[in-house]
Amino acid sequence: MSLIVAKFGGTSVATTDRIKNVAQRLVRMKNEGNQVVAVVSAMGKTTDDLVSMCEALNPNPPAREMDRLLSTGEQVSMTLLAMAIEALGVHAMSFTGRQAGIQTDGIHEKAKIVSVDNERIMKCIHDDGIAVVAGFQGIDHNGDITTLGRGGSDTTAVAVAYGLGADECQIFSDVVGVYTADPRVCPHAHKLDEISYDDMLELSAAGSGVLQMRAVEFARKYNVVIHSRSAFSEEPGTLVKETTMEKSVITGIAHDTSEVKVTVRGVPDITGVAGRLFQVLSASNVSVDMIIQGTAADGLADISFTCPAKDVATAKAALDELLPELGAQEVYVNENIAKVSLVGTGMKSSPGVAAKAFSTLAEHEISILAISTSPIRLSVVVGKDECAKAVQCLHTAFGMDVEEIFEENALSPEEVEAKKNKGR
Ligand code: ADP
Ligand code: ASP
Ligand code: MG
């Protein structure tokens, strides 16, 4: 008998029919002799809709209230799923983050799990039931509800699997596993049978929405093997684990359309100016990603950086206020950008990746607006309209294309479009 933690994402529980399918799958797992704990996300776009409603009322909502609001989405799906399982004649109980003993720190909207007390989940499975846990939420030391950052149900699943000492942590979504690139953007991408924690972490950090970065971090720290697979097929997916496999130079390509590029023009080329600029951004809690300083002409230079689109209003306001002190000319925001990243632990020992990437982009007449590197990642910023083309041509150039074309097996055309446009 195995103890399986099975997490189902928003698309997999988007409708009552899909919840019924998930219930059937969980009951099948149980009837095969396993103990089963499910973790669920909110139905479909529920969390986005809750965010929009809040934005219509208050552009700066109190974080505590925001978390209370967002946590309601998972409470709907968990109860519906428990009811659907009961309708199949199997005992099921749903648990909020609090009831599942998920204790977090007090940082609202991106809380970290500090401990999991599995007592009630254990009791449910020992009573021959299926436990259904609300993903994405926990409780802080004040007893207030916290959430774990967008996509955080993945982290709930890994933490619950670790806490229970589960034999398997299966994360079900709408694709068969982790591909060499988002298959909806790069149809010739292929599914990886396995991927190392390091490569997966870098792909998630660079914008691959398939697994939340925190979940991979948690899994690496506690050695939890994640099986990323499809809710719409029985095919085996991708194992995320410590692997000793021979490393290929590039494991995959990630893209991220959720950032913007901010340029402060005409900054006097004087020591200390950059320090002051980034100090102000940091004090305003703007997460700066890539930084580009142009060469100075006539004693003036441009300083550019990328940051999440959600931080841009704050960044612009802080910098506009700083312009007179710096003696700089203007702040310009380019929202039409995308970051494309080549990732691979094998890159460390292979020179020439940058040369090949840049010449490939040049051959396809794609201009590079910014560059950043780490030992296992090379990122370029390109125009948003050229993002898909950049991912595709790099995928081909680094020999990752397969002949077979990715085919949708479950989603509606509207859902596919929403996924393609999702800023990560
Ligand atoms: P869920 O709602 O189930 O958590 P997500 O939307 O968060 O699912 O993650 C699945 C989506 O991730 C896929 O639909 C796919 O478009 C996208 N994706 C991005 N990069 C990759 C990749 N490398 N491999 C597979 N899917 C990816
Ligand atoms: N419902 C949350 C979100 O949309 C958490 C999750 O889906 O994992 O981000
Ligand atoms: Mg997800």
Side-chain angles (χ1 to χ4, degrees), residues 6-14 18 22 39-51 66-67 69-78 97 109-111 133-138 147-158 170-187 189-192 195 199-200 202-216 226 228-232 237-238 240 250-258 340-343 387-388 391 395 400 406 408-411 415-424:
K7 178 256 166 178
F8 290 87
T11 320
S12 318
V13 294
R18 289 192 189 160
V22 169
V39 174
V40 280
S41 293
M43 292 171 73
K45 299 195 304 63
T46 301
T47 311
D48 291 335
D49 294 343
L50 292 170
V51 171
M66 192 67 185
D67 274 354
L69 175 70
L70 296 190
S71 68
T72 59
E74 272 67 12
Q75 296 184 29
V76 172
S77 49
M78 73 172 194
E109 298 180 54
K110 46 182 170 207
V133 179
F136 179 53
Q137 57 182 266
T147 61
L148 311 178
R150 297 303 304 268
S153 303
D154 293 346
T155 305
T156 307
V158 175
Q170 305 192 9
I171 295 193
F172 292 85
S173 76
D174 47 37
V175 283
V176 182
V178 179
Y179 283 65
T180 46
D182 185 338
R184 299 213 157 83
V185 167
C186 185
H190 63 275
K191 187 203 76 181
L192 298 161
I195 183 169
D199 279 337
M200 192 63 239
E202 203 72 23
L203 280 174
S204 295
S208 269
V210 61
L211 289 173
Q212 198 213 27
M213 188 179 86
R214 284 268 188 87
V216 185
I226 299 174
S228 160
R229 56 188 310 196
S230 170
F232 302 100
T238 304
V240 185
I250 304 295
T251 306
I253 301 180
H255 70 279
D256 184 350
T257 52
S258 69
V340 175
S341 304
L342 291 164
V343 169
C387 176
V391 173
H395 197 269
M400 290 185 284
F406 172 75
E408 287 298 341
N409 57 0
L411 307 198
E415 284 174 313
V416 171
E417 218 32 52
K419 289 257 164 186
K420 275 189 187 160
N421 296 327
K422 193 165 153 188
R424 295 182 192 283

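Whatever order the structure lists ligands and atoms in, that order sets their numbers, starting from 1. We number each residue from 1, following the sequence as shown.
Polar contact with ligand 2: present for G151 (N/O pair, distance under 3.5 Å). Distances between N or O atoms of K7 and those of ligand 2 include no value under 3.5 Å. Of the polar atoms of K7, at least one N or O is found under 3.5 Å from an N or O of ligand 1, judged by distance alone. Polar contact check, Y179 against ligand 1: a nitrogen or oxygen pair lies under 3.5 Å apart. By the 3.5 Å distance cut-off applied to N or O atoms, R184 is counted among the residues near ligand 1. Geometrically, ligand 1 and D174 share a nitrogen or oxygen pair separated by less than 3.5 Å.
Proximity of G209 to ligand 1 is established by a heavy-atom distance of less than 4.0 Å. Using a non-hydrogen distance threshold of 4.0 Å, G151 does not register as a contact of ligand 1. Residue S41 places no heavy atom under 4.0 Å from ligand 1. No heavy atom of G10 sits closer than 4.0 Å to any atom of ligand 2. At least one heavy atom of G177 sits closer than 4.0 Å to an atom of ligand 1.
The backbone N or O of G97 lies less than 3.5 Å from a partner atom in the side chain of Q137, making a donor-acceptor pair. In this structure, S208 contributes its side chain and V210 its backbone to no donor-acceptor pair below 3.5 Å.
When all heavy atoms of V391 and A181 are compared, the closest pair comes out as CG1-CB, 4.0 Å. Residues S77 and V13 share a closest heavy-atom pair of CB-CG2, 4.4 Å.
Near G10, meaning under 4.0 Å from any of its heavy atoms, are these atoms of ligand 1: 2 (O). Close approach of ligand 1 to S208 (heavy-atom distance below 4.0 Å) involves ligand atoms 20 (N), 23 (N). Close approach to R150 involves these atoms of ligand 2, each under 4.0 Å from a residue heavy atom: 3 (C), 4 (O), 9 (O). Near V178, meaning under 4.0 Å from one of its heavy atoms, ligand 1 places the atoms 24 (N). Here is the list of ligand 2 atoms found below 4.0 Å of a heavy atom in T47: 1 (N), 2 (C), 3 (C), 4 (O).
Considering only heavy atoms from C-beta on, M78 stays 4.5 Å or farther from V39 through its side chain. Counting heavy atoms from C-beta outward, L203 and I195 have side chains that approach closer than 4.5 Å. Within the 4.5 Å cutoff, no side-chain heavy atoms of C186 are placed close to those of I253. Side-chain atoms of R150 and V51, non-hydrogen and from C-beta on, do get closer than 4.5 Å to each other.
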Could you walk me through whether D174 and R18 pass the salt bridge (Lys or Arg N to Asp or Glu O under 4.0 Å) check? CA-CA 12 Å; D174 47 37; R18 289 192 189 160; over 6 Å; no
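If you check which protein heavy atom lies closest to atom 7 (O) of ligand 2, you get S41 OG, 3.1 Å.
Residue contacts with ligand 1 for V175 involve side-chain atoms from C-beta outward but no N, CA, C or O (heavy atoms, distance under 4.0 Å). Residue contacts with ligand 2 for E74 involve side-chain atoms from C-beta outward but no N, CA, C or O (heavy atoms, distance under 4.0 Å).
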